[in-house]
Amino acid sequence: MRYLSTRGHADRKRFCEILLEGLAPDGGLYLPESYPQIDDATLTRLRKVYHEQGYADLAFEILSLYIDDIPAADLRALCAKTYTAEVFGTGEIVPLRHLEDGVWIEALSNGPTLAFKDMAMQLLGNLFEYELGRRGEELNILGATSGDTGSAAEYAMRGKKGVRVFMTSPHGRMSPFQQAQMFSLMDANIYNIAVKGVFDDCQDMVKAVSNDLDFKRKYKIGTVNSINWARLLAQVVYYFAGYIQATTKNAEQVSFAVPSGNFGNVCAGHVARMMGLPIAKLVVATNENDVLDEFFRTGVYRVRGTADTHETSSPSMDISKASNFERFVFDLLGRDGARTKALFADALNQGGQFDLSKDPAFADAATRYGFISGKSTHANRLDTIRDTWARHGMMIDTHTADGLKVALEQRSADVPMVVLETALPIKFAQTVQEALGREPDRPAKFEGIEALPKRVLVMDADVAAVKALIARECGY
Ligand SMILES: *Cc1c(COP(=O)(O)O)cnc(C)c1O
């Protein structure tokens, strides 16, 4: 399997070459040259693998269709090491919970940081350690976070050989629970940097360091953001696991509702559907930051400015543009790299938007690719959390509530709807408290974490100081 860029760059790369890279050289995103097809007999076999051998073996089966430069035995061992009951809390890894007639919740948030990002990031940690070890190289991951991504990255990379993580976050602005999760890590290769400023200051510092190409090369600076193909690929697996749990026969169809921000999660659903998994609809649910909902309703993709990006009670979906969306548009346009480049490099840079409403391809988004969408507001979120608790005794987080709200609007009587749970309520306790008048349950291993010792450096928004820290810790 080779990988190409959505913007037409000519080189075709293998999995391990793009594993440690971010964007393609032309600024595009990597996608496989073609999607391996799952026929009826294969799906029957995968069903058996999941039921009899478990999630890790299912993951190996799917990943091995896309990865041919890691020996099969090694890849199987990496999957087995990643998807364990110890790390993910249950042997099923992603159990399906029945909510009501035709509606299910797929639990993706039982990993170390209680959000679905662990599903991919935990595998990435093991893949990085494996590949860096093979090459005899090191990697310094530099990132900015306001919560979920940074903690998922740290818990995936802690103690991994050849990897250091330098994670900036806005000083004093994360919830006490999030701060405790990150800052209580004592691993020598994890560096928490609390920047006196806001999230944008953190992001600007990361950009400034990455734009210094000499520094970037010398200190092997890398990222783990959501455009990484390996992360997306890891997520494809739980669409298969969800489908297998919701059905008994391959003829049955299932729809998925996905709380969306950067379009990484639902893009993995698109890949699963392109492989032939019988998915009826992919329901994109946004919060007040509705760039994606607007596109699927109107054909206009309009990136928001900072002033128009709302701070909401489902903060992990507060985005101004959806960084993985280009992958879907590339497929939608018949994999025309030149047109994709014209839209994402030229049109977005000039006017901040593009309009496909009059393009015949736009209708395909719904008809041929199964995409529908909807949005949810703070009031909807509170109502959905309350209603789910009152009717089913089930507590859900704010992001999952956005997904469920849109799922209930879009479901059809004859197709089961699986809502992806993207975080546990304890991570967003304040809003759950507002909805229910009580604190969410806390998993036992998180009792009292706010009182643990903290390991964090407080710093001004000073690029030179971050560089000095990295150089000192690398010692070269
Ligand atoms: C990251 C995240 C999302 C959004 O996922 P995308 O892949 O960016 O669309 C939704 N909910 C939670 C809790 C998240 O952490």
Side-chain angles (χ1 to χ4, degrees), residues 29 105-122 124 143-156 169 174-175 177-178 181-182 199 224-236 238-239 256-272 282-293 295-296 309 312-328 371 373-376 381 384-385 396-407 419-429 431-432 440:
L29 290 103
I105 306 262
E106 185 171 359
L108 302 179
S109 310
N110 297 307
T113 72
L114 309 182
F116 88 102
K117 292 192 172 67
D118 290 329
M119 292 301 305
M121 207 73 93
Q122 287 288 316
L124 201 68
T145 190
S146 52
D148 286 349
T149 308
S151 57
E154 291 188 356
Y155 278 76
S169 60
M174 289 192 298
S175 76
F177 185 86
Q178 285 176 318
Q181 255 191 335
M182 288 180 52
F199 175 66
V224 287
N225 52 28
S226 79
I227 55 141
N228 183 293
W229 166 253
R231 272 182 71 178
L232 208 127
L233 178 58
Q235 294 170 178
V236 173
Y238 56 67
Y239 284 88
F256 286 90
V258 188
S260 294
N262 274 319
F263 204 75
N265 197 350
V266 75
C267 194
H270 166 67
V271 171
L282 288 165
V283 183
V284 177
T286 72
N287 64 16
E288 290 88 336
N289 297 294
D290 58 353
V291 229
L292 289 167
D293 181 42
F295 174 79
F296 286 109
T309 309
T312 76
S313 47
S314 44
S316 300
M317 291 154 57
D318 292 348
I319 51 100
S320 51
K321 64 178 201 303
S323 51
N324 275 288
F325 185 54
E326 182 169 336
R327 287 193 159 107
F328 169 66
F371 275 96
S373 71
K375 87 184 244 192
S376 163
R381 219 164 282 141
T384 308
I385 292 171
I396 56 173
D397 99 290
T398 52
H399 306 76
T400 310
D402 290 333
L404 179 57
K405 185 261 181 186
V406 178
V419 181
L420 298 187
E421 169 213 71
T422 56
L424 291 196
I426 185 68
K427 289 203 93 167
F428 304 96
T431 308
V432 175

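Note that ligands are numbered from 1 as they come in the structure, with each ligand's atoms numbered from 1 the same way. For the single chain, residues carry numbers from 1 onward in sequence order.
When Asp397, Thr400, Ile396 are each tested for a side chain to side chain contact (heavy atoms under 4.5 Å, CB included) with Phe428, only one passes: Asp397. Checked against Val406 for a side chain to side chain contact (heavy atoms under 4.5 Å, CB included), the options Val283, Val258, Thr286 give a single hit: Val283.
Of all the heavy atoms in Met121 and Thr149, the pair that sits closest is CE-O, 3.9 Å.
Looking at residues two or more places apart in sequence or on another chain, you find a side-chain hydrogen bond (donor to acceptor under 3.5 Å, both in side chains) between Asn262 and Ser323.
Rounded to the nearest 0.5 Å, atoms CG (Leu404) and CG (Leu420) are 11.5 Å apart.
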Given side-chain contact (heavy atoms from CB on, under 4.5 Å), test Thr312 with Met317 step by step and report yes or no.
CA-CA 8 Å; Thr312 76; Met317 291 154 57; 6.0 Å; no
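The protein residues lying under 4.0 angstrom from ligand 1, judged by non-hydrogen atoms, are Phe116, Lys117, Asp148, Pro259, Ser260, Gly261, Asn262, Phe263, Gly264, Asn265, Ser316, Met317, His399, Thr422, Ala423.
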